[in-house]
Amino acid sequence: MKKSLTVLAGFCMAIITIAAAETKVPDLKPLAADLVALNPTQLLLSDPAGFAFVDTTKGEKPASFAALPDAKRLSYRATVTTRGVKSHDVETKFKTIAPVKKGDVLLARFMARAPVAKQESGEGAIGFAFQLNGPPHEPRSIGITVAPGPEWALYEIPFVSAADHDAGKAVVALSFADLVQTVEISGLELLNFGTRARLDQLPKLQFTYKGREADAPWRAVALKRIEEIRTAPLTIRVTDGKGNPLAGVRVDAKLTRSEFIWGTAVNEEMLAKNLPDSEKYRSILKECFNTAVIENGYKWPSWNSNPEFAENTDLAFGWLKKEGFRQKGHNLVWPGWKFAPKSAKELALKDPAAFKRLIDANIEKKIERTKGAFISWDVINEIMHERDFLAYLPTDEPVQWFRLARKLEPSAKLVLNDYSMLNSAMSPGTITRFIEIAKSMKNAGAPIDELGIQGHVGQQPRAPELILSDLDLVATAGMPVQITEFDVNTKDEAIQADYTRDFLIACYSHPVITGFIQWGFWEPKHWKRDAAMFRPDWSEKPNAAVWREWVLDKWKTHLDTTTSADGTASVRGHFGAYHVTITCDGVVKSEDITLNKDGASYTVKFP
């Protein structure tokens, strides 16, 4: 057992200590000829020492910013070891070398990638600003954040200068402290077109993905596969008392709850209290989802150290139970200090055995309060990335957490949940490591029932065909898989909606997937506000319309017809619980039936 878990530890560390890969630094894509003809002025220093760098994070290891060796163009690597309070806590500034006039049209260009990024989408975060060099840094002409993935990509950012600046009095400021990350930047240039170009003539910062087009072949294949693996024949037969078929009888059959999990994370306070928007929040929740995950209520320290929070969690749990929602627990152990009370680390340093007992007691308390009510529990959350606890515990402790959960809650499925999969070119490697961890734990005796794959997506979505190949790789673990935390965090609502549609189709079409959980739905109570489906005033964003079209319409079967000459009405329906109503000459009969992969039929007689 110790040997297998040593393998587990090695694979876990690989994801968070991976060195910035030594790949060829690309040349910056040439500027379009028509823009070159406008004779733009280069505004940044070419000297590799010509930048200022600050790190105010006060971490144990300082951040760094240095030129990359052996690059044809000036290229830099920024490494952030401690996340800042503000983005500009780690920042680099490049001075301008020529004057800029108010109203001048400018274009910033650079290549970037993030070999290491400690966040769920797997993307890095680079803040870009053009501003006055020195306090108060205003006026600022532009301030945005780009999110490079692990592969080199071109970023072109057009903007208009908000003020006059003498040479050296304005800077391009690049900030990095939003994440623990390593990012690389190559070929940074800032071009000033003066008034010779209009803003709409310059390239725009836009994102798309392969397979987005309306007639994409992968989508047609996936939709056909959904019909094959997610539906079966449902037949209603109506006869008279002698068994003769009755034609023209009204039949209504509605899928009332899908077998497939269509869920969301929920805010405990919105359900526990009668806040101004609570009624609407509950209404949308009941309309759009069949499963709920209390987002923060069972996390440590929320669960133990805040009595009001714990009370809201209990009340939210009770409301969901009363309303008939399937519930999933999140989470029993999240083994990072930042997700634990300060006292936990103090205890671990002083008395590791007592620390072990404290974690077990926390697991026991959560399950005692919810026993028999949850369909599943995320037993360990993000063990690939959060490993602080493990240095103070026996080697096989992750296995013991699963065993304890099974002993206390034998009816719930036990899930190993993690992120940085299905969202970048690094996904296959991360998936491979995750599978190795799950298998080594299972071989050591951990009763893992299901794998949880978070689905946090950033500015640059992964092609759906690659999502499907990623899921093929996940399936080799031999365990069911649930998409546990989906969102698309971007201000571009068009790509957000299109990718929500395509990610839904890809996942629902893959036989290994058992459920799909959004990580919130209303902007004021969403951890990534841009990713929500409903705005603060409850108006629907395009991604909400996608959810309605596919989850609540196309994949929520409703048969409303009359029987044919042979007395039958039939449809291929999506699996789940149906309420069937038959109306014949003013007499109404109804039945609740279940449709599964074997199909279902129901016969009713009218005397």
Side-chain angles (χ1 to χ4, degrees), residues 5 8 12 120 263 265-266 268 291-306 309-310 313-314 316-317 320 326-341 343-345 347-348 354-390 392-394 396-419 434 437-438 441-442 444-454 479-480 482 484-485 515 517 519:
L5 285 168
L8 160 65
C12 286
E120 290 81 353
V266 295
E268 43 285 317
T291 304
V293 183
I294 293 177
E295 182 175 1
N296 295 310
Y298 294 108
K299 294 175 182 175
W300 204 21
S302 303
W303 172 255
N304 279 352
S305 62
N306 189 326
F309 208 106
T313 299
D314 283 341
F317 165 76
L320 291 166
R326 293 180 290 206
Q327 294 192 63
K328 177 182 175 181
H330 179 80
N331 53 66
L332 291 177
V333 184
W334 199 352
W337 295 134
K338 62 185 175 182
F339 308 113
S343 59
K345 183 176 182 180
L347 182 61
F355 177 55
K356 177 185 183 305
R357 292 193 297 271
L358 181 65
I359 296 174
D360 289 349
N362 190 40
I363 294 172
E364 291 168 1
K365 184 178 178 182
K366 291 176 185 177
I367 293 180
E368 179 186 354
R369 298 276 277 272
T370 61
K371 190 174 179 65
F374 285 174
I375 59 172
S376 63
W377 264 107
D378 289 334
V379 178
I380 307 178
N381 194 45
E382 301 176 356
I383 195 171
M384 282 197 295
H385 301 82
E386 305 298 340
R387 298 179 48 77
D388 296 336
F389 292 8
L390 304 188
Y392 302 89
L393 297 168
D396 69 340
E397 197 61 16
V399 172
Q400 300 309 319
W401 291 332
F402 269 90
R403 285 177 169 172
L404 178 59
R406 172 65 81 232
K407 176 183 176 181
L408 297 172
E409 181 59 288
S411 62
K413 291 183 178 179
L414 305 183
V415 181
L416 184 67
N417 189 52
D418 220 309
Y419 68 85
F434 187 51
I437 291 167
M441 288 182 64
K442 197 155 188 174
I448 302 172
D449 298 313
E450 197 162 40
L451 299 179
I453 305 291
Q454 297 179 22
M479 287 177 268
Q482 187 180 110
T484 54
E485 304 180 20
I517 296 175
W519 207 241

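Atoms considered below: every heavy atom in the structure, side chains included; atoms not considered: hydrogens, waters and symmetry mates. Sequence positions, counted from 1, serve as the residue numbers for this chain. As the structure is a computational prediction, the values presented were derived from the model and not from experiment.
The two atoms that bring A405 and L332 nearest to each other are CB-CD1, 3.9 Å, heavy atoms only. Residues V399 and G445 share a closest heavy-atom pair of CG1-C, 3.8 Å. When all heavy atoms of Y392 and A348 are compared, the pair lying nearest together is CD2-O, 3.6 Å. Contact between P335 and N381 at its shortest, heavy atoms only, is CD-O, 3.4 Å.
In this structure, the side chains of I294 and V266 come closer than 4.5 Å at one or more pairs of heavy atoms. In this structure, I363 and W377 have side chains that are not in contact, with every pair of non-hydrogen atoms separated by 4.5 Å or more. I359 is listed as a side-chain neighbour of L393, based on a closest heavy-atom distance under 4.5 Å. Counting heavy atoms from C-beta outward, I517 and Q482 have side chains that approach closer than 4.5 Å. Taking 4.5 Å as the limit, every side-chain heavy atom of E268 sits out of range of all side-chain heavy atoms of F317. Counting heavy atoms from C-beta outward, N296 and F309 have side chains that approach closer than 4.5 Å. Side-chain contact between H330 and E485 is present, with heavy atoms from C-beta onward closer than 4.5 Å. K299 has its side chain out of reach of F339: every pair of non-hydrogen atoms, C-beta onward, lies at least 4.5 Å apart.
Formation of a donor-acceptor pair under 3.5 Å by the D449 side chain with backbone atoms of L414 is found in this model. Checking side-chain atoms of E409 against main-chain N and O of G372 turns up a donor-acceptor pair under 3.5 Å.
If you take CG on L347 and CZ on R357, they are separated by 8.5 Å, rounding to the nearest 0.5 Å. Atom CD1 of residue I383 and atom CG of residue N417 lie 11.5 Å apart, to the nearest 0.5 angstrom. To the nearest 0.5 Å, atom CG of residue D396 and atom CG of residue L390 are 11.0 Å apart. Distance check: M384 CE to D418 CG gives 3.5 Å after rounding to the nearest 0.5 Å.
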Dump the intermediate steps for side-chain contact (heavy atoms from CB on, under 4.5 Å) on T370 and Q327, then the final yes or no.
CA-CA 10 Å; T370 61; Q327 294 192 63; over 6 Å; no
CA sep, side-chain torsions, deciding dist, call: W401, I380, side-chain contact (heavy atoms from CB on, under 4.5 Å)
CA-CA 8 Å; W401 291 332; I380 307 178; 3.6 Å; yes
Between T484 and V293, does a side-chain contact (heavy atoms from CB on, under 4.5 Å) hold up when you go through it step by step?
CA-CA 9 Å; T484 54; V293 183; over 6 Å; no
Check the pair I448 / M479 against side-chain contact (heavy atoms from CB on, under 4.5 Å), numbers first and verdict last.
CA-CA 9 Å; I448 302 172; M479 287 177 268; 3.8 Å; yes
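Among pairs with a residue in residues 363-379, those fulfilling salt bridge (Lys or Arg N to Asp or Glu O under 4.0 Å) read D314-R369, K328-D378, at least two apart in sequence or across chains.
Between Y298 and F374, the ring-plane angle classifies as perpendicular under the 30° and 60° cut-offs.
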